[in-house]
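Before any comments, here is the structure.
Naming: A, B, ... by sequence-line order, numbering from 1 per chain.
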Amino acid sequence: MHLTTMVLSSSLLTIFSILILPVLGTLNPSPPGSLWATNSVKTAVKVAFFVSLLPLFIFLNEGVEAIMTNWEWMNTLMFNINISFKFDLYSIVFTPVALYVTWSILEFASWYMHDDPNMNRFFKYLLIFLIAMIVLVTANNMFQLFIGWEGVGIMSFLLIGWWFGRADANTAALQAVVYNRVGDIGLILAMAWMAVNLNSWDMQQLFSMTTNQDMTLPLLGLVLAATGKSAQFGLHPWLPSAMEGPTPVSALLHSSTMVVAGIFLLIRLNPLMDNNPLVLSTCLCLGALTTVFTATCALTQNDIKKIIAFSTSSQLGLMMVTIGLNQPQLAFLHICTHAFFKAMLFLCSGSIIHSLNDEQDIRKMGGLHHLLPFTSSCLTIGSLALTGTPFLAGFFSKDAIIEALNTSYLNAWALVLTLVATSFTAVYSLRVVFFVSMGHPRFNPISPINENNLTVMNPIKRLAWGSILAGLLITANISPLKTPLMTMPFVLKMAALTVTIVGLLMALELASLASQQFKIKPASAPHHFSNMLGFYPSVVHRLAPKTNLVLGQLIANQTIDQTWLEKTGPKMTASVNLPLISSTSNLQQGVIKTYFLMFFFTMILAVLILVI
Amino acid sequence: MNPYVLSILLMGLGLGTTVTFASSHWLLAWMGLEMNTLAILPLMAQHHHPRAVEAATKYFLIQSAAAATILFASSTNAWLSGQWDIQHITHPLPTVMITIALSLKLGLAPLHAWLPEVVQGLDLTTGLVLSTWQKLAPFALLLQISPEIPLLITSLGLISMLAGGWGGLNHTQLRKVLAYSSVAHLGWMMVVMQFSTSLTALALLMYVIMTTSAFLTFKLLKSTDMNSLAMSWAKTPSVTALAPMMLLSLGGLPPLSGFLPKWLIIQELTKQELGLVATVAALSALLSLFFYLRVCYCLTFTSSPNNLAGVAPWRLESKQISLPLATSTSLSILLLPISPAILSLTLPLF
């Protein structure tokens, strides 16, 4: 085999073995030592990251992509399922990004969770999650992708419910599972349709066979799957609730890697959607609605993690908009850059939370830029990258998306909503920075504020470098697959920046009014709408369970107990037969007249009917 | 009873049935039937207590009414067709009349009303004779006539099965329960008579075996109602163990031998495309099964260590010969595996 391909394939398989090795080590009956988490897991991820740079550089240098089919798993006469890895642009670039971010998060987690008695198990769960995620992105057939999909879903459930003694954490984990499951219906629908109609789950075969077919149904299924996994509007409440998990979980799963799995699925299967305007419009409008709705909700939240969660949700909506614009590569770019600064935002918030003795309410923080200078500056860097400040990481992806949106001939309403959401991004980012690091402290004087630990600072530092440089590095080295439109009117070119600056200025103005009573009574209706998350959870989380429970009671009580068992079943048998029994035996009273009468009448009747 | 009188009566009983079996002339058949009636009457009334006398009286009136109708119908047939041959009744009127009269003799519904009262008034031995021996002669005549009126036969059969099932459920006296069971079994025999007389004979044979076993069991246990069955586990544990099998065989439960006639009858009905009749027959078997189960329950499920269900009776040594009980019980439980042999017993009959 050609040397380059061999190096590529073997290094990628090496990554898998390096990551699986610590997990297999836990099968040992004797419990691992207290340093297992740091020494074994974090080191494995770090080494895997450096190994993954090799295929990345090979790809950047020579543009080599590879598909490896390793093992024929379930092969029948009709249908083949193999273990098959696809190393193309998306997986080769995503794997180092994910490993880099995971490395930093694991190092941070060894500080954040150091007094948790089950820290080893925590790291094991994170590692299993990472393996599942990499299986998902390198999958070459739908079956393997589904394995990774379900794997990340399960690990998300286990990790959100890490502090399972807390009822809120359990309900949040359950919410995550249920909403993801609803999305999984779409994925299974798409897989079943493909198995029945195309007789294959291999991506190459899918792309080649579907050029002339009507793929609306499976594509809508895939959009549903992305809605569930990537928290688009309709199946979104699980993402803010998932903040019940520890901060490393929020940083890894619910900002960088797991929630992008839905978008990644659509990116991978984008050739199927190329010619289907219905599905593309669905993605566009759904993404636009998501991004503006969640940005609105983020405006009035008071929990720092929830604000960052809603910003994640808003960025996911933006990625969905990009899919709707038929620009999968831009969406992928945004995934990669978003991973860096979002993870960093979460790590900074984790550092702040632990420093303030587990306080998460921003109304009880303040003035931290004097007390936690490094953390608050990284928070600021992350927020700037999020809002799309020119030439930071977020700018390259976000600005490109907004330019593509502005110059397309698609839905203007989606465009407007996206721009509104972009300005809201600036507003809530400023709100976070203002409440957390500016002003005077609003927390207890004796707080364990400490920035001296390298296990906290190094990860945040690394991610800060990533937030600054990643956009530049990736766009400089990856050539776009679709030609971007380079010429447009000046207003359109500056649109993203303009709305961001407008949002920033409005937010500054509102922030300065925060300590003054500008109006006699505040405008409570919009605030309530935003703070109660659009009342979506309040309505849906009561309506759906109540409907199902009422239905269950109807089935159990009225249908089974009262109808089948009483009216039409055993009791009916008894109640129908009893009168017949008593009348049959009470017919004769021992009087011989009865016997003769019956004889006589039977005779007459028989003779009359049968003879005459 | 005086042994000479007893032997004359028994021989008369036997002679009557034999004469009916052997006859091909209606008058001779009628004579055999009358001999049967007259011979059994003293046997019924031998205990001279009012209930037995009442039973004997009712039996006499019913049977003589039936025999008179048979005589009238055969005379009508002779007038209409000019011959007295049993197997050549052609005109439908005598056929119908004879069929109904024979149903009255047998105790088929809706002419069954006398049977429970009469059986209740007799002791268990005479009841056994009434239920088994007395059914043979009228059946011989019925099988020879083979009336070709499907509506009459099927409706007699179905009504008997249902009436036998429903009627038996409201009683605790064992003799009445057995009377209704005989009504139900006669219904099964009637239903298949128009298609396969050998199956009717098979059903009759199995019924005779099982009823013999039932009556002899109750005679051994000296119990005539369900309450007194409750202490049977203390009297004879082995009988208590086997009697439920015999009762369930009466109910037609596989793998006991009572299943054989029911199975073959349902198969025959299905082959003749009478699915609804077969279904109703099978469902009515459930009704009878319930009261057999109830008797089983009283026999066995109330055994120790449950609470005592009845008063402890005198347990005197039984002078009853055990061979008939043993034979009939064994036959009524174990015959299913050799069903082809049993079927071949009745096949050459008709």
Side-chain angles (χ1 to χ4, degrees), chain A residues 77-78 192 196 547-612, chain B residues 51 54-55 57-62 65-66 69 72-73 91-97 99-101 103-105 107-118 120-121 147-153 155-156 159 162-171 176-177 180 183 283 286-287 290-291:
Chain A
L77 280 176
M78 313 298 163
V196 168
T547 315
N548 278 320
L549 289 173
V550 165
L551 181 68
Q553 181 180 35
L554 273 180
I555 292 176
N557 194 15
Q558 288 191 1
T559 313
I560 297 181
D561 276 345
Q562 288 179 351
T563 310
W564 292 127
L565 290 179
E566 286 203 13
K567 291 278 183 258
T568 58
K571 290 201 181 170
M572 183 274 298
T573 318
S575 61
V576 163
N577 276 317
L578 275 174
L580 289 167
I581 294 169
S582 46
S583 52
T584 312
S585 53
N586 288 340
L587 190 62
Q588 63 243 38
Q589 306 291 334
V591 182
I592 205 165
K593 188 162 73 169
T594 319
Y595 315 154
F596 282 128
L597 266 177
M598 288 167 73
F599 173 52
F600 182 63
F601 278 129
T602 313
M603 180 74 83
I604 296 294
L605 207 64
V607 166
L608 280 176
I609 293 178
L610 295 168
V611 178
I612 302 173
Chain B
R51 189 69 182 85
E54 175 198 339
T57 319
K58 284 184 187 165
Y59 185 72
F60 168 65
L61 286 173
I62 296 289
T69 317
F72 173 64
H91 198 273
L93 176 62
T95 316
V96 170
M97 292 180 72
T99 311
I100 296 198
S103 314
L104 181 60
K105 258 208 185 291
L108 273 168
L111 307 156
H112 64 286
W114 57 273
L115 191 56
E117 313 292 323
V118 170
Q120 176 66 25
E148 296 289 326
I149 310 168
L151 178 62
L152 180 65
I153 304 294
S155 50
L156 277 176
I159 297 177
L162 292 170
W166 279 322
L169 282 167
N170 202 11
H171 293 286
K176 283 200 176 146
V177 165
Y180 279 105
V183 172
L283 288 174
L286 284 175
L287 294 168
F290 185 77
F291 58 73

A:F596 and B:I62: side-chain contact (heavy atoms from CB on, under 4.5 Å), yes or no, with the steps? CA-CA 8 Å; A:F596 282 128; B:I62 296 289; 4.1 Å; yes
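For B:I100 against A:M603, the heavy-atom pair with the smallest separation is CD1-CA, 3.9 Å.
Only the side chain of B:L104 comes within less than 4.5 Å of a heavy atom of chain A; its backbone N, CA, C and O stay farther away. Contacts between B:L156 and chain A at a heavy-atom distance below 4.5 Å are absent for every atom of the residue. Contact of B:L93 with chain A is made through backbone and side chain together, with heavy-atom distances under 4.5 Å.
Within 6.0 Å of CD in A:E566 there are more than 12 heavy atoms belonging to other residues, nucleotides or ligands.
Take A:L605 and apply the side-chain contact (heavy atoms from CB on, under 4.5 Å) test, not counting sequence neighbours, and it matches A:I609. For B:F290, the side-chain contact (heavy atoms from CB on, under 4.5 Å) criterion is met by B:L169, B:R294, not counting sequence neighbours. Among residues two or more places apart in sequence or in another chain, the side-chain contact (heavy atoms from CB on, under 4.5 Å) test is passed with A:L587 by A:M598.
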Can you list the donor-acceptor atom pairs spanning chain A and chain B that come in under 3.5 angstrom?
residue, atom, partner, partner atom, Å
A:N577, OD1, B:W166, NE1, 2.9
A:S585, OG, B:N170, ND2, 3.0
A:Q588, NE2, B:A113, O, 3.4
A:Q588, NE2, B:Y180, OH, 2.9
A:G590, O, B:K58, NZ, 3.0

